Number of protein chains: 2
Amino acid sequence: MTNGNARGLRHEMGRNFTYEILQRLGVDIVTGTYGVGNPFPTEAELCKRLGASRSVLREAVKMLTAKGLLKARPRQGTWIEPERNWNLLDPDVLYWLLERKFSPGLLLEFTQVRLAIEPMAAALAARHADAKAKEAITAALNRMKAAEAGDDDPLTSDIAFHVAILEASGNRFYAQLRGLIEAALRTSIRLTNRRKGVRLASVADHQQVADAIFASDPEAASAAMRHLMVEAMTLIEQAKETMEATGEEV
Amino acid sequence: MTNGNARGLRHEMGRNFTYEILQRLGVDIVTGTYGVGNPFPTEAELCKRLGASRSVLREAVKMLTAKGLLKARPRQGTWIEPERNWNLLDPDVLYWLLERKFSPGLLLEFTQVRLAIEPMAAALAARHADAKAKEAITAALNRMKAAEAGDDDPLTSDIAFHVAILEASGNRFYAQLRGLIEAALRTSIRLTNRRKGVRLASVADHQQVADAIFASDPEAASAAMRHLMVEAMTLIEQAKETMEATGEEV
DNA sequence: GGGCATGTATTTATCATATATAATGCTTGG
DNA sequence: CCAAGCATTATATATGATAAATACATGCCC
């Protein structure tokens with residue numbers, strides 16, 4: 001073994017080295033380190049640069065290819081795909097984008113997705129939710145209340161609430177937003193935390209959604225959820241304007 | 001090289017052998033060949049069974065892992081993830097599911113996504129669409145008209161129309177539905193083609209959407225698009241009921 | 001007997017290298 | 001000028017050796 005690799009140095013970012021390289025390359029790609037629509041360093045070059053073996057590198061590149069970030073062809077090399085081909089709906093990709101290249105614009109667009117989906121999910125939940133799903137909603141709401149008193153994490157419990165409703169909708173695609181919302185909320189809290197007088201929606205507003213679902217009132221559930229979404233969107237819009245006006249970094 | 005592999009036999013399914021194995025394993029997984037939540041054959045076993053080298057197999061498995069279908073850990077083996085962890089919003093995964101394990105239920109759930117997103121996309125398009133985006137919509141509509149006269153493919157032009165509007169919305173996540181809608185429509189046509197008196201929505205209904213967008217009327221655009229979606233959903237529901245009643249295979 | 005330390009076996013993870021394949025451009029002969 | 005073939009240079013594939021992780025068994029101590 002002639003390769004003096006840097007394995008010993010690494011901190012446990014992922015389960016293993018391959019995932020570490022995956023994260024690293026993923027972040028580098030979405031932050032534009034290599035440009036977009038540009039050629040990518042060759043396999044050999046990247047191995048040297050990252051201190052990884054070809055197996056590890058190739059497997060990481062294959063995962064990035066599976067997420068639409070790269071495309072490789074013999075002799076032609078590996079290329080970064082244009083942004084429109086990236087799987088934005090892949091939680092990893094969204095996380096890389098939001099976490100590392102913080103963009104209120106993208107967050108806004110994602111909230112538009114939530115605005116489309118979540119009210120309908122709430123309506124479906126009001127129609128179809130079974131006992132177990134309702135319990136999950138109640139539990140999440142209780143966590144939010146506990147968080148208000150400082151006994152739980154506000155972010156995690158907020159996520160749990162929205163996820164519970166998405167899953168109560170019975171639509172498997174809606175439930176897929178789970179990972180995406182987690183990525184988005186973890187980022188958006190960075191935005192809202194910084195601003196005085198700006199905070200996540202109140203527990204009371206969430207309570208209204210839950211009440212409507214328990215009352216099997218789809219219209220009310222949808223409206224209450226829409227209210228939450230519009231609220232979230234307003235916050236992000238304000239933050240975006242502030243950022244643009246001041247050129248402030250988040 | 002001692003391995004007498006079966007490379008010569010293969011027909012050009014994908015660009016290369018790795019992608020062929022990817023497709024094969026992906027289909028096998030979603031169709032339940034290996035069960036769900038079950039252990040997966042070991043690397044060595046699968047290599048033998050598929051006549052693939054370890055490189056090829058590992059890279060395919062890594063791509064499936066990236067799409068949430070598998071999870072591998074040393075000594076513990078590779079496992080099929082529970083369905084809720086599959087990336088349904090990955091076009092490949094959706095395609096495998098719809099194509100090979102035809103399920104009107106899943107198609108219905110996907111149409112619910114379209115029902116949530118596309119009317120809003122049409123509304124956004126009515127507000128923001130630039131000249132180029134409008135041209136794309138017009139072009140797609142013209143293709144649909146040509147298709148009606150037999151001069152173009154009805155499926156492709158229908159897809160193009162919906163994609164044009166999603167892209168005109170200016171929301172990058174909405175535009176992501178492109179690949180998913182393509183997978184879904186290609187499957188749903190199998191459903192509707194079989195039934196007399198059942199067909200895709202008319203060009204006139206699509207025209208209404210376009211007209212509203214060109215008139216910068218978000219409400220009308222949204223309503224017209226919702227009409228298309230409800231129509232599609234009704235068709236699938238009918239087909240589903242028929243299938244369930246007759247136990248018919250599609 | 002029960003709990004704990006320890007060893008062992010098995011599976012993926014990683015590294016390394018050799019060879020095959022494919023795409024591209026160049027060259028050369030007509 | 002063009003087309004067939006050759007050279008070049010990427011990725012793709014095959015394979016062997018070694019490392020790391022962990023389920024499981026084994027046996028010790030109390």
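Quick caveat: nothing in here was measured; it's all calculated off a predicted structure.
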Show me the protein contacts with nucleotides 7-10 of chain D, counting only N or O atoms at under 3.5 Å.
residue	atom	partner	partner atom	Å
D/dT8	O2	A/R75	NH1	3.1
D/dT9	O4'	A/R75	NH1	3.0
D/dA10	N3	A/R75	N	3.3

Please enumerate all residues that pass ring pair (Phe, Tyr, Trp, His ring centres under 6.0 Å) together with A/Y174, with sequence neighbours excluded.
none
[X] [atom1] to [N] [atom2]: how many Å, rounded?
X     : N      : atom1 : atom2 : value
B/K48 : D/dT15 : NZ    : P     : 14 Å
B/L46 : C/dT12 : CG    : C1'   : 13 Å
A/L50 : C/dT14 : CG    : P     : 14 Å
B/F17 : C/dT19 : CZ    : C1'   : 16 Å
A/E59 : D/dA12 : CD    : P     : 13 Å
B/F40 : C/dT10 : CZ    : P     : 22 Å
B/R58 : C/dT11 : CZ    : C1'   : 10 Å
A/I21 : C/dC15 : CD1   : C1'   : 13 Å

Could you list the residues that satisfy side-chain contact (heavy atoms from CB on, under 4.5 Å) with A/A72, not counting sequence neighbours?
A/T78
Rounded distance [0.5 Å steps], CZ in B/R73 versus CG in A/N16:
10.0 Å
Using the side-chain hydrogen bond (donor to acceptor under 3.5 Å, both in side chains) rule, collect all pairs that involve residues 134-144 of chain A, keeping only residues at least two apart or in two chains.
A/R143-A/D152
Phosphate OP1/OP2 of D/dA14 contacted by B/S53 side-chain N/O (<4.0 Å)
yes
Is any side-chain N or O of B/K62 closer than 4.0 Å to OP1 or OP2 of C/dT12?
no
Ring pair (Phe, Tyr, Trp, His ring centres under 6.0 Å): pairs with one or both residues in residues 30-49 of chain B, sequence neighbours excluded
B/Y34-B/F40
Side-chain donor/acceptor of A/R54 to base of D/dT13, under 3.5 Å:
yes
What about B/S55: does its side chain form a donor-acceptor pair under 3.5 Å with the base of D/dA14?
yes
Give every donor-acceptor pair under 3.5 Å between a side-chain atom in residues 86-95 of chain A and any protein atom, sequence neighbours left out.
residue	atom	partner	partner atom	Å
A/W86	NE1	A/E81	O	3.0
A/D90	OD1	A/K67	NZ	3.2
A/D90	OD1	A/D92	N	2.8
A/D90	OD1	A/V93	N	3.4
A/D90	OD2	A/K67	NZ	2.7
A/D92	OD2	A/K67	NZ	3.1

B/S169 side chain to B/A121 main-chain N or O, any donor-acceptor pair under 3.5 Å?
no
